[in-house]
Participant: 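Have a look at the structure that comes next, please.
Note that ligands are numbered from 1 as they come in the structure, with each ligand's atoms numbered from 1 the same way. Treat the numbers as computed from the prediction; the structure is a model and nothing was measured.
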Amino acid sequence: MIALVTGASRGIGAAIAVKLAGDGWSIAVVCRKERELAEEVASLCRNCGVQAEAYAADVSREEDCRQLVEAVRTALGPITLLVNNAGMNRDGLCLRMSREQFTSVIDTNLTGTFLMCRSVLPDMIKARQGRIINITSVAGLYGNAGQVNYAASKAGVIGLTRSLSKEVASRQVTVNAVAPGLIETDMTAAMPDKIREQAKEAIALGRLGKPEEVAGLVAYLASPAAAYITGQIIEISGGLVL
Ligand code: NDP
């Protein structure tokens, strides 16, 4: 039971790594550059009595993904659960968005998800078992002003999830996505207070979600109880209406 979680140095990814460790998974904690934070998360995972190692890799780089999966296989074993959580946003209105601002977000959120899936699939297919859980967003389902790059990347992840689930189901590999609404992390802390308050009014439960709440859903999708779920996009947004 080896799980690799990208973007696990903080926020939702860190909560997922610790929750899965509590459920008995050995964990590869992956960040892009904040290696010390990833080491701290790996140490929290080890406190749960499982093996855990920290890695730095940029998921938008093909060679990084290949080397990462190889290093994890050597240190912990073949990956049976991949959580594609690494993500970024660079918000702005379409009219003023540079091509680089658009493609950098696609490269990490969508191409990174593709590259990581492609890197782990040979081991999963060989083992005739595996779980892939992609973190998308309500922005990918409904769109959001100021986020054409981010929403397009997350809508792409939804299409990737549904398509890949159909390619690998016969090998007993499931592929699902989780679509959070607004969750309390560094990403939403960067929002201006006024926008945050306005956003809260659009949430039926009247508050932002916690990373641990998203982690609970991911842990369920990784568990034996979810063996018959594939190709699904599950929203966790407190009833947010965009
Ligand atoms: P944070 O900004 O708090 O953390 C992002 C994580 O992704 C960090 O660990 C960062 O590593 C890593 N990362 C970013 N780019 C890359 C890259 N190219 N390669 C490898 N790692 C990378 O994000 P959140 O915890 O808020 O979000 C996690 C996921 O959930 C994202 O996919 C996000 O889009 C999605 N989401 C978040 C919502 C929210 O409200 N917070 C709502 C809906 C979806 P490092 O620090 O080393 O750069």
Participant: Answer side chain, backbone, both or neither: which part of Met88 comes under 4.0 Å from ligand 1, heavy atoms only.
Facilitator: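 Neither part.
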
Participant: If you apply the rule side chain to side chain donor-acceptor pair (under 3.5 Å), what do you find for Ser104 with Arg90, and how did you get there?
Facilitator: CA-CA 9 Å; Ser104 62; Arg90 286 179 66 189; 2.9 Å; yes

Participant: Report the member of Ile12, Leu37, Val41 with the shortest heavy-atom distance to atom 27 (O) of ligand 1.
Facilitator: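 Result: the heavy atom closest to atom 27 (O) of ligand 1 is in Ile12.
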
Participant: Would you kindly specify which portion of Glu184 sits under 4.0 Å from ligand 1, judged on non-hydrogen atoms: side chain, backbone, both or neither?
Facilitator: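 No part of Glu184 is near ligand 1 at this cut-off.
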
Participant: Between Asn85, Ile135, Val5, which one has a non-hydrogen atom sitting closest to atom 32 (O) of ligand 1?
Facilitator: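 Nearest heavy atom to atom 32 (O) of ligand 1 lies in Asn85.
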
Participant: Under a heavy-atom criterion of less than 4.0 Å, does Pro211 contact ligand 1?
Facilitator: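 No, Pro211 has no heavy atoms under 4.0 Å from ligand 1.
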
Participant: Does any N or O atom in Ser60 lie less than 3.5 angstrom from one in ligand 1, N or O only?
Facilitator: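 Such a contact does not occur with ligand 1.
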
Participant: Taking 4.0 Å as the limit for heavy-atom contacts, which would you say applies to Thr185 with ligand 1: side chain only, backbone only, both, or neither?
Facilitator: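 Side chain only; the backbone of Thr185 stays clear of ligand 1.
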
Participant: Quickly, which of Asn176, Asn109, Ile233, Thr161 forms a side-chain contact (heavy atoms from CB on, under 4.5 Å) with Asn134? Name it, please.
Facilitator: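 Among Asn176, Asn109, Ile233, Thr161, the one that satisfies the side-chain contact (heavy atoms from CB on, under 4.5 Å) with Asn134 is Thr161.
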
Participant: Out of Gly181, Ser237, Gly87, Ala199, who is nearest to atom 38 (C) of ligand 1 when you count heavy atoms only?
Facilitator: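 The nearest heavy atom belongs to Gly181.
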
Participant: Are any of the N or O atoms of Leu182 closer than 3.5 Å to those of ligand 1?
Facilitator: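 Leu182 vs ligand 1: no N/O contact under 3.5 Å.
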
Participant: Any N or O of Gly11 that comes nearer than 3.5 Å to an N or O of ligand 1?
Facilitator: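 Checking ligand 1 against Gly11, no N or O pair falls under 3.5 Å apart.
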
Participant: For ligand 1, which atoms sit closer than 4.0 Å to a heavy atom of Ser137?
Facilitator: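 This gives 43 (C), 44 (C) as the contact atoms.
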
Participant: Backbone N or O of Gln101 within a donor-acceptor pair of the Asn149 side chain at under 3.5 Å?
Facilitator: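 Yes, because the side chain of Asn149 sits within donor-acceptor range (under 3.5 Å) of the backbone of Gln101.
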
Participant: Considering distance alone, does some N or O of Ser9 sit under 3.5 Å from an N or O of ligand 1?
Facilitator: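 Min N/O separation from ligand 1 is below 3.5 Å for Ser9.
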
Participant: With the threshold set at 4.0 Å, does a side-chain nitrogen-carboxylate oxygen contact exist between Arg73 and Glu70?
Facilitator: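 No, this pair does not count.
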
Participant: For atom 34 (O) of ligand 1, what is the closest protein heavy atom, and at what distance to 0.1 Å?
Facilitator: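 Here the closest protein heavy atom is Tyr150 OH, 2.6 Å.
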
Participant: When you measure from the side chain of Arg35 to the backbone N and O of Ala54, does any donor-acceptor pair fall under 3.5 Å?
Facilitator: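 Pair found, side chain donor or acceptor close to backbone of Ala54.
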
Participant: Take Leu160 and Cys117 through the test side chain to side chain contact (heavy atoms under 4.5 Å, CB included) and record every step on the way to the result.
Facilitator: CA-CA 10 Å; Leu160 183 155; Cys117 288; 4.2 Å; yes

Participant: Under 4.0 Å, heavy atoms only, figure out whether ligand 1 is touched by the backbone of Ala57, its side chain, both or neither.
Facilitator: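 The answer is the backbone.
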
Participant: Just go through Ile183, Asp58, Thr136 and tell me whose heavy atom is the nearest to atom 44 (C) of ligand 1.
Facilitator: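 Selected option, by shortest heavy-atom distance: Thr136.
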
Participant: Should Val138 be listed as contacting ligand 1, given a heavy-atom distance under 4.0 Å as the test?
Facilitator: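 False for this residue.
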
Participant: Do you know the tightest heavy-atom contact between Ser165 and Gly231?
Facilitator: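 Ser165 and Gly231 have their closest heavy atoms at OG-CA, 3.3 Å.
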
Participant: Answer yes or no: does an N/O atom from Gly13 fall short of 3.5 Å to an N/O atom of ligand 1?
Facilitator: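 No; the residue has no nitrogen or oxygen that sits under 3.5 Å from a nitrogen or oxygen of the ligand.
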
Participant: Who's closest to atom 48 (O) of ligand 1 heavy-atom-wise, of Arg61, Lys33, Arg35, Lys154?
Facilitator: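 Comparing heavy atoms across Arg61, Lys33, Arg35, Lys154, the nearest one to atom 48 (O) of ligand 1 lies in Lys33.
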
Participant: Closer than 3.5 angstrom, by distance alone: can the side chain of Thr6 be matched with the main-chain N or O of Ala86 as a donor-acceptor pair?
Facilitator: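 Checked: pair present.
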
Participant: Would you say Asp107's side chain and Ser60's backbone share a donor-acceptor pair under 3.5 angstrom?
Facilitator: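 The answer is no, because no donor-acceptor pair under 3.5 Å joins these two groups.
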
Participant: Among Ile132, Leu82, Val175, Ile79, which one satisfies side-chain contact (heavy atoms from CB on, under 4.5 Å) with Leu121?
Facilitator: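 Per the side-chain contact (heavy atoms from CB on, under 4.5 Å) rule, the option paired with Leu121 is Ile132, out of Ile132, Leu82, Val175, Ile79.
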
